[in-house]
Amino acid sequence: MHLLSHPRKKNGKTYTYYSIAETYRENGKNKKKVLCYIGSLTPLQAQQIRNALRTTQSIDTFVVTLDDLLFEDHWRYLDVAFLNHLWDKEWGLSSMFPLPEETSKTRKKYISTVDVVKVLTFYRCLDPGSYLSAVDWLGTTACDRIIGIDGGHFNESRIYRELTVIEQQKESIERWLYQTLMERYEDSMRIIFYDLSDSYFEGKKCPLAKPGRTKANGFKDKRIILSLLVNSEGYPFSWEILEDYTSDVGTLKGNADQWMQRFKFPRLIMVFDRGMVSDENLRHLEEGGSYLYITALDKDQLAGIDGANLERFEIFTERVTENEIVSKGLSRYDDSTYYEDLKVDSNGRRHVLVFNSDLFKSQRKARDMLIEKAFEELENEKNALLNAKRRRNIKPTERRIDKKLEKLKMKGYVGYSLEKIYLTARSGTQISSFNLSYWRKTKEIEKAQLTDGMWMLVTNISDTVEPEEYRLGPEELISAYRDKNRVEEAFKEVKSFLKFQPTFVYTDEHVRAHYTICVISYLLDITITNKIREKPIEEVGSVIAVHRTLRRCELGNVCVRGTNRSVNKLMPLTDEQKSVMRLFDCSYLAEGSYLRSIGVEGM
């Protein structure tokens, strides 16, 4: 039954009368039957009758006051459901992991490996922390509904058992990712980027970890060296935790051979940092035949390159102009960068000399500031020696001064000498000390200034390399080397936002599996990043902003006081959330049919 309105016009005015009617079908058509006429009603009376009639339409319909509605519980929904969409629809990652019957022959597994990896991956993307905390985190989300598991079977012991299985699948995961990227983004697999980074371990023991100095956290008893390989879009497809690490240079040969065996690379271009450059490494890549490379030389190697002729730049000052730069044989790349293609040398290697005026100014300024700082330190040391209260010895004094200069990296640019002197104490005794003299090493500074703002690319990509599409011009080489920040950004996200460190697992398999989960999490995040870059959304300009925007849409459980009736409802989506859903083609996550499939009654 429902309330019908009947507008009537009389004397130029409209009057509304009401009746109660019911709908029925006759001969395939919908018809209405008036059960009784009511007459005129106020808007409030009409709404009250509609509310009363609604209770006759379903046994789930109640007449309640707002005070009768109880909000009993809530769970994060849209951010988790969105990641599940990327996992299933965008990448189909579940196919990389074994079925429950393939990993447990003797007893039934109530939660599969892929379910555990999903939860840990989503957790790492949204709220990274320890694996023990992941169990509690699951209970605050609708993840169990979304992926269809009983959350009671997700516990710490299950996590650690599945970490072992995850590590056993690593090479299969890498091969699957490589093949998938080749099929989807073949052009982006023409240039790949390789880099190393470090992290550290927290715990009692870890055979993979060795004492060493980390780049960001100083000396650690348990340092771990990570390697990562990504394509030109930033998508990862190979990663390792390196054992027996000695130096960056020492890792390239073994990894290059391993990648060739695992992926059967056709010809491709590998870009890597200057820290891995050695003649032995470059010859190894050249002799293999499949690898073309782009990397850079250290500053102290520039002067030895044929055609570099660094002396021509000795007149450059902080006020150097574009005309002065171009007059020295360099071509313009952008507003601050210039280059000269030195062509192929007798070893078959091509060099491109690059000069950046902004880098030139910052390096000059930094050196001058550090020299002044060194002078301040030495002046303090001189005063201390001239006011010594006890005997000073030459060797400890030199070591102390050298240490200060080395800390500032100024030992090559600041010289000093110690002249023995004798001071008279108040008691009249003689105290042996030194008078410290110091100066700028002018020749060394002038030599260093020749390479200020300079860097040198080295590559085996020539004008005759085959196939022809791999023949890159100097500007393309510069662009490719600059793009190595793709892998640097990946490491930054894995280590900070995804919180690889500190690592709270300690067996070899578990630490390696933890890194694998971090890389898969990064795969989802770089998918979001690339899409946002391609089609920006106002106010949602980063992967963090996407997660934060979606996080606010939750499921809530609402019940009626004094009854056993309750319902799960979804919060209405904001305009920003709808924009994200449309961009990633996942608006279905807030639609009735999908919501009902996971036990939610809609919004």
Side-chain angles (χ1 to χ4, degrees), residues 215 247-249 271-279 281-282 293-347 349-375 405-415 439-459 474-475 477-482 484-485 488:
K215 295 177 182 178
S247 66
D248 289 3
V249 171
V271 181
F272 52 91
D273 191 73
R274 68 187 72 197
M276 297 174 220
V277 174
S278 70
D279 187 65
N281 278 342
L282 299 187
Y293 62 79
I294 303 170
T295 186
L297 301 178
D298 283 331
K299 275 199 168 190
D300 57 6
Q301 298 173 293
L302 302 189
I305 301 302
D306 292 342
N309 189 17
L310 299 178
E311 287 74 17
R312 56 183 156 153
F313 306 115
E314 62 186 1
I315 66 168
F316 282 5
T317 68
E318 286 85 342
R319 292 184 293 275
V320 65
T321 66
E322 180 170 327
N323 288 337
E324 289 175 310
I325 297 169
V326 173
S327 71
K328 300 303 179 183
L330 303 181
S331 300
R332 187 176 187 274
Y333 175 81
D334 60 26
D335 289 344
S336 60
T337 306
Y338 303 81
Y339 68 90
E340 181 183 8
D341 191 345
L342 303 180
K343 303 301 182 181
V344 178
D345 64 12
S346 57
N347 294 318
R349 293 172 188 162
R350 178 184 178 188
H351 296 89
V352 178
L353 179 66
V354 185
F355 173 77
N356 184 280
S357 57
D358 291 338
L359 181 63
F360 171 84
K361 294 171 186 176
S362 66
Q363 289 179 341
R364 284 278 171 99
K365 183 177 180 180
R367 184 186 296 110
D368 289 343
M369 290 176 62
L370 288 171
I371 289 175
E372 290 302 317
K373 178 66 175 175
F375 279 10
L405 293 176
E406 288 167 358
K407 183 178 180 180
L408 295 170
K409 298 182 180 179
M410 287 293 107
K411 192 173 181 181
Y413 307 127
V414 175
W439 59 87
R440 292 172 181 262
K441 293 183 177 180
T442 304
K443 289 184 178 179
E444 287 81 353
I445 292 172
E446 289 176 349
K447 181 180 178 181
Q449 287 177 338
L450 292 177
T451 60
D452 283 345
M454 300 286 181
W455 46 289
M456 180 82 74
L457 291 178
V458 58
T459 179
E475 295 192 1
L477 293 172
I478 294 170
S479 177
Y481 188 72
R482 283 183 165 182
K484 70 182 176 63
N485 67 342
E488 293 165 355

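Here, residue 1 is the first one in the sequence, and each next residue gets the next number.
Between Arg332 and Tyr338 the shortest heavy-atom distance is CA-CD2, 3.5 Å. Residues Ala480 and Val271 come closest through the heavy atom pair O-CG1, 4.0 Å. Nearest heavy atom pair, residue Ala308 against residue Met456, reads CB-CE, 4.2 Å. The nearest pair of heavy atoms linking Tyr481 to Arg274 is OH-N, 3.7 Å. Minimum interatomic distance between Gln449 and Arg367 (heavy atoms only, all atoms of both residues): CG-NH1, 3.7 Å. Smallest separation of non-hydrogen atoms from Thr295 and Val277: OG1-CG2, 3.1 Å.
Considering only heavy atoms from C-beta on, Ile305 stays 4.5 Å or farther from Gln301 through its side chain. Contact annotation: the side chain of Pro474 approaches that of Arg350 to within less than 4.5 Å [non-hydrogen atoms, C-beta and beyond]. Side-chain contact between Asp279 and Arg349: present, with at least one pair of heavy atoms (C-beta onward) separated by less than 4.5 Å. For the pair Tyr413 and Leu405, the minimum side-chain heavy-atom distance is 4.5 Å or more. Inter-residue side-chain proximity for Glu446 and Glu314 is flagged as unmet; no heavy-atom pair is nearer than 4.5 Å. Side-chain contact check for Phe360 versus Ile325: every heavy-atom pair is 4.5 Å or farther apart.
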| field | Check against side-chain contact (heavy atoms from CB on, under 4.5 Å), Lys484 and Asp273 | value | CA-CA 8 Å; Lys484 70 182 176 63; Asp273 191 73; 3.4 Å; yes

| field | side-chain contact (heavy atoms from CB on, under 4.5 Å) between Phe313 and Thr451, worked out | value | CA-CA 8 Å; Phe313 306 115; Thr451 60; over 6 Å; no

| message | Please evaluate residues Lys328 and Ile315 with respect to the criterion side-chain contact (heavy atoms from CB on, under 4.5 Å), reporting the C-alpha separation (whole Å), side-chain torsions for both, the decisive distance (0.1 Å), and the verdict. | response | CA-CA 11 Å; Lys328 300 303 179 183; Ile315 66 168; 3.7 Å; yes

| request: Evaluate the criterion side-chain contact (heavy atoms from CB on, under 4.5 Å) for residue pair Leu477 and Asp341; output intermediate values, then yes/no. | output: CA-CA 10 Å; Leu477 293 172; Asp341 191 345; 5.9 Å; no

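Between atom CD1 of residue Ile294 and atom CG of residue Leu457 there is a gap of 7.5 Å, rounded to the nearest 0.5 Å. Going from atom CG of Asn356 over to atom OG of Ser362 covers 8.0 Å, rounded to the nearest 0.5 Å. Atom NZ of Lys299 is separated from atom CG of Leu310 by 10.5 Å, given to the nearest 0.5 angstrom. With rounding to the nearest 0.5 angstrom, the CG atom of Asp358 is 9.0 Å from the CG atom of Asp335. Interatomic distance, Ser327 OG to Glu322 CD, rounded to the nearest 0.5 Å: 11.0 Å. Between the CG atom of Asp368 and the NZ atom of Lys373 there is a distance of 15.5 Å, given to the nearest 0.5 Å.
Of the possible donor and acceptor atoms, one in the side chain of Asp334 sits under 3.5 Å from a partner among the backbone N and O of Thr337. Between the side chain of Asn281 and the backbone N or O of Met276 there is at least one donor-acceptor pair closer than 3.5 Å. Side-chain atoms of Gln363 come within 3.5 Å of backbone atoms of Gly453 as a donor-acceptor pair (strictly under, hydrogens ignored). At least one donor-acceptor pair under 3.5 Å links the side chain of Asp345 to the backbone N or O of Asn347.
With Met454 as the fixed residue, the side-chain contact (heavy atoms from CB on, under 4.5 Å) test singles out one of Val354, Leu297, Leu302: Leu302. Checked options Trp455, Tyr339, Phe316; the residue passing with Phe355 is Phe316 (criterion: ring pair (Phe, Tyr, Trp, His ring centres under 6.0 Å)). Just one of Lys365, Lys447, Arg364 meets the salt bridge (Lys or Arg N to Asp or Glu O under 4.0 Å) condition when paired with Asp452; it is Arg364.
Around the NZ atom of Lys441, the shell of radius 6.0 Å holds more than 12 heavy atoms that belong to other residues, nucleotides or ligands.
Electrostatic pairing of Glu406 and Lys411 counts as a salt bridge here, judged by a charged N lying under 4.0 Å from a carboxylate O. Residues Glu372 and Arg440 are paired through a salt bridge, judged by an N-O separation under 4.0 Å between the basic side chain and the carboxylate.
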